[in-house]
Undergrad: 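Pasting a structure here, questions to come.
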Amino acid sequence: MEIDSYNLLYDNIHDFKKTAALVESEIKRLNIESNNLNPVPGTGRLHQNMWESMKTVSHFNIATALELMLKLLLFLNNKKIDREHRLALLYKALPSKCRRQLEGIFKESNKTYPENRIIVLKNTDSETEQPIRPQEKDISTLEKMFEYFDEDVLLWQKRYSWEFIEKKRWRHYISNISVFIELINRVMSKIKRY
């Protein structure tokens with residue numbers, strides 16, 4: 001990888017992460033709630049709709065930052081970088097020593113931000129329709145979290161979440177992405193630009 005490519009990849013990781021954090025801070029600043037059907041003052045939008053839209057943007061950006069970070073780690077470990085977007089597959093391509101280090105950092109980050117809560121939304125055509133809620137997933141490890149992101153949250157497809165409504169698919173969101181911001185910060189603090 002050329003120096004300019006490496007540096008752009010390095011900077012993109014930080015900037016996608018920062019964008020996700022900025023969107024999350026705006027959700028907090030406006031006190032937008034996922035289960036509130038009232039308008040958000042001064043916006044003309046409903047809380048629930050604005051929350052889901054902004055979470056979609058934050059999730060897409062944090063997913064991109066995580067994907068790029070994993071690809072940088074693959075490069076640094078002399079592994080092939082595929083045109084893959086799914087986090088679990090990228091994670092599993094890393095050497096076992098690197099995966100153990102990431103798991104340790106994730107566990108430490110989880111102690112700092114234990115309030116990872118999954119919020120699941122679904123659009124239905126009928127008020128009487130009671131869809132079956134997806135089963136709770138084990139997200140206790142980084143690998144399991146990445147699998148959940150790939151299979152249910154569909155972070156790598158998050159920019160298409162508007163299509164999920166018409167398909168009557170569950171739409172999954174994480175209430176607080178701070179653990180992933182912390183994870184990226186801790187990993188990237190050990191990596192230098194060229």
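What you see below is based on every heavy atom in this structure, not just the backbone, and it leaves out hydrogens, waters and symmetry mates.
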Undergrad: Can you sort out the partners of Lys192 under side-chain hydrogen bond (donor to acceptor under 3.5 Å, both in side chains), two or more places apart, ordered by chain and number?
TA: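 side-chain hydrogen bond (donor to acceptor under 3.5 Å, both in side chains) list for Lys192, sorted by chain: empty.
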Undergrad: Which residues pass the side-chain hydrogen bond (donor to acceptor under 3.5 Å, both in side chains) test with Tyr91, sequence neighbours left out?
TA: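 Scan of Tyr91 (side-chain hydrogen bond (donor to acceptor under 3.5 Å, both in side chains), adjacent residues dropped) gives Glu103.
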Undergrad: Does anything in residues 83-94 form a salt bridge (charged side-chain N to carboxylate O under 4.0 Å, His left out)? List the pairs, not counting sequence neighbours.
TA: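 Counting only pairs at least two positions apart or across chains, the salt bridge (charged side-chain N to carboxylate O under 4.0 Å, His left out) contacts touching residues 83-94 are Glu84-Arg86, Lys92-Glu143, Lys92-Glu147.
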Undergrad: Verify whether one side chain among Tyr173 and Thr56 offers a donor that lies under 3.5 Å from an acceptor in the other.
TA: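 Looking only at side-chain atoms, Thr56 and Tyr173 do form a donor-acceptor pair, the distance falling under 3.5 Å.
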Undergrad: Over 60° means perpendicular and under 30° means parallel, so tell me whether Tyr194 and Tyr6 are parallel, tilted or perpendicular.
TA: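 Answer is tilted, since the angle falls between 30° and 60°.
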Undergrad: Under the side-chain contact (heavy atoms from CB on, under 4.5 Å) criterion, do Phe146 and Leu66 qualify, and how do the steps go?
TA: CA-CA 10 Å; Phe146 282 163; Leu66 288 165; 4.2 Å; yes
Undergrad: With sequence neighbours left out, write down each residue that passes ring pair (Phe, Tyr, Trp, His ring centres under 6.0 Å) with Phe60, or none if nothing qualifies.
TA: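 With neighbours one apart ignored, the set is empty.
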Undergrad: Among all residues two or more places apart in sequence or in another chain, which pass the side-chain hydrogen bond (donor to acceptor under 3.5 Å, both in side chains) test with Asn38?
TA: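 Per chain and number, Asn38 pairs via side-chain hydrogen bond (donor to acceptor under 3.5 Å, both in side chains) with Asn36.
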Undergrad: Tell me whether Ile105 shares a hydrophobic cluster with Ile177, the cluster being built from Ile, Leu, Val, Met, Phe, Trp, Tyr side chains joined at under 4.5 Å.
TA: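 Result: yes, single cluster for both.
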Undergrad: Is there a donor-acceptor contact under 3.5 Å from the side chain of Thr43 to the main chain of Val40?
TA: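 Side chain of Thr43 to backbone of Val40: a pair is present.
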Undergrad: Please determine if Lys55 and Glu52 form a salt bridge, counting it only when a charged side-chain N lies under 4.0 Å from a carboxylate O.
TA: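 The answer is no: the pair does not qualify as a salt bridge.
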Undergrad: Apply salt bridge (Lys or Arg N to Asp or Glu O under 4.0 Å) to Arg186 and list each qualifying residue two or more places apart in sequence or on a separate chain.
TA: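 Result, salt bridge (Lys or Arg N to Asp or Glu O under 4.0 Å) vs Arg186: Glu182.
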Undergrad: Is there a continuous path of hydrophobic side-chain contacts, each under 4.5 Å between heavy atoms, that joins Ile191 to Leu8?
TA: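 Result: no, two separate clusters.
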Undergrad: Provide the full list of salt bridge (charged side-chain N to carboxylate O under 4.0 Å, His left out) pairs with a residue in residues 59-76, sequence neighbours left out, each pair given once.
TA: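 Residue pairs passing salt bridge (charged side-chain N to carboxylate O under 4.0 Å, His left out), neighbours aside: Glu67-Lys71.
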Undergrad: Between Leu72 and Met188, does a side-chain contact (heavy atoms from CB on, under 4.5 Å) hold up when you go through it step by step?
TA: CA-CA 10 Å; Leu72 179 61; Met188 295 302 292; 3.8 Å; yes
Undergrad: Would Trp51 end up clustered with Leu46 when hydrophobic side chains under 4.5 Å apart are linked, directly or stepwise?
TA: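 Result: no, two separate clusters.
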Undergrad: Identify, with sequence neighbours excluded, every residue that meets side-chain contact (heavy atoms from CB on, under 4.5 Å) alongside Lys80.
TA: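 Scan of Lys80 (side-chain contact (heavy atoms from CB on, under 4.5 Å), adjacent residues dropped) gives Asp82.
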Undergrad: Taking only residues two or more places apart in sequence or in another chain, which ones pass ring pair (Phe, Tyr, Trp, His ring centres under 6.0 Å) with His14?
TA: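 In terms of ring pair (Phe, Tyr, Trp, His ring centres under 6.0 Å), with neighbours along the sequence ignored, His14 is linked to Tyr10.
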Undergrad: Donor-acceptor pair, Asp150 side chain versus Ala88 backbone, under 3.5 Å?
TA: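 Yes: the side chain of Asp150 pairs with the backbone of Ala88.
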Undergrad: Which residues pass the side-chain contact (heavy atoms from CB on, under 4.5 Å) test with Ala65, not counting sequence neighbours?
TA: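 Ala65 satisfies side-chain contact (heavy atoms from CB on, under 4.5 Å) with Phe16, Lys17, Ile184 only.
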Undergrad: Where do Ile62 and Ala20 come nearest, in terms of heavy atoms and distance?
TA: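 Scanning both residues, the minimum pair turns out to be N-CB, 3.7 Å.
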Undergrad: So, for Lys79 and Pro95, which heavy atoms are closest and what is the spacing to 0.1 Å?
TA: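 In this case the closest contact between Lys79 and Pro95 is CE-CG, 3.9 Å.
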Undergrad: Linking I/L/V/M/F/W/Y whenever their side-chain heavy atoms sit closer than 4.5 Å, directly or via other members, would Phe106 and Ile139 fall into one cluster?
TA: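 Looking at the clustering, Ile139 is in the same group as Phe106.
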Undergrad: In this structure, would Leu22 and Leu183 fall into the same cluster of hydrophobic residues linked by side-chain contacts under 4.5 Å?
TA: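 No: no chain of side-chain contacts under 4.5 Å links Leu22 to Leu183.
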Undergrad: Could you list the residues that satisfy side-chain contact (heavy atoms from CB on, under 4.5 Å) with Leu37, not counting sequence neighbours?
TA: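 In terms of side-chain contact (heavy atoms from CB on, under 4.5 Å), with neighbours along the sequence ignored, Leu37 is linked to Gln48.
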Undergrad: Is there a side-chain contact (heavy atoms from CB on, under 4.5 Å) between Phe149 and Phe180? Walk through the geometry before answering.
TA: CA-CA 12 Å; Phe149 280 170; Phe180 304 104; 3.4 Å; yes
Undergrad: What verdict does the side-chain contact (heavy atoms from CB on, under 4.5 Å) test give for Leu94 and Leu102, after you've listed the backbone C-alpha separation in whole Å, the side-chain angles of each residue and the deciding distance to 0.1 Å?
TA: CA-CA 10 Å; Leu94 290 168; Leu102 286 172; 3.6 Å; yes
Undergrad: Once side-chain hydrogen bond (donor to acceptor under 3.5 Å, both in side chains) is applied, do any residues pair with Asp11, and if so which ones, sequence neighbours excluded?
TA: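 side-chain hydrogen bond (donor to acceptor under 3.5 Å, both in side chains) check on Asp11 returns Arg193.
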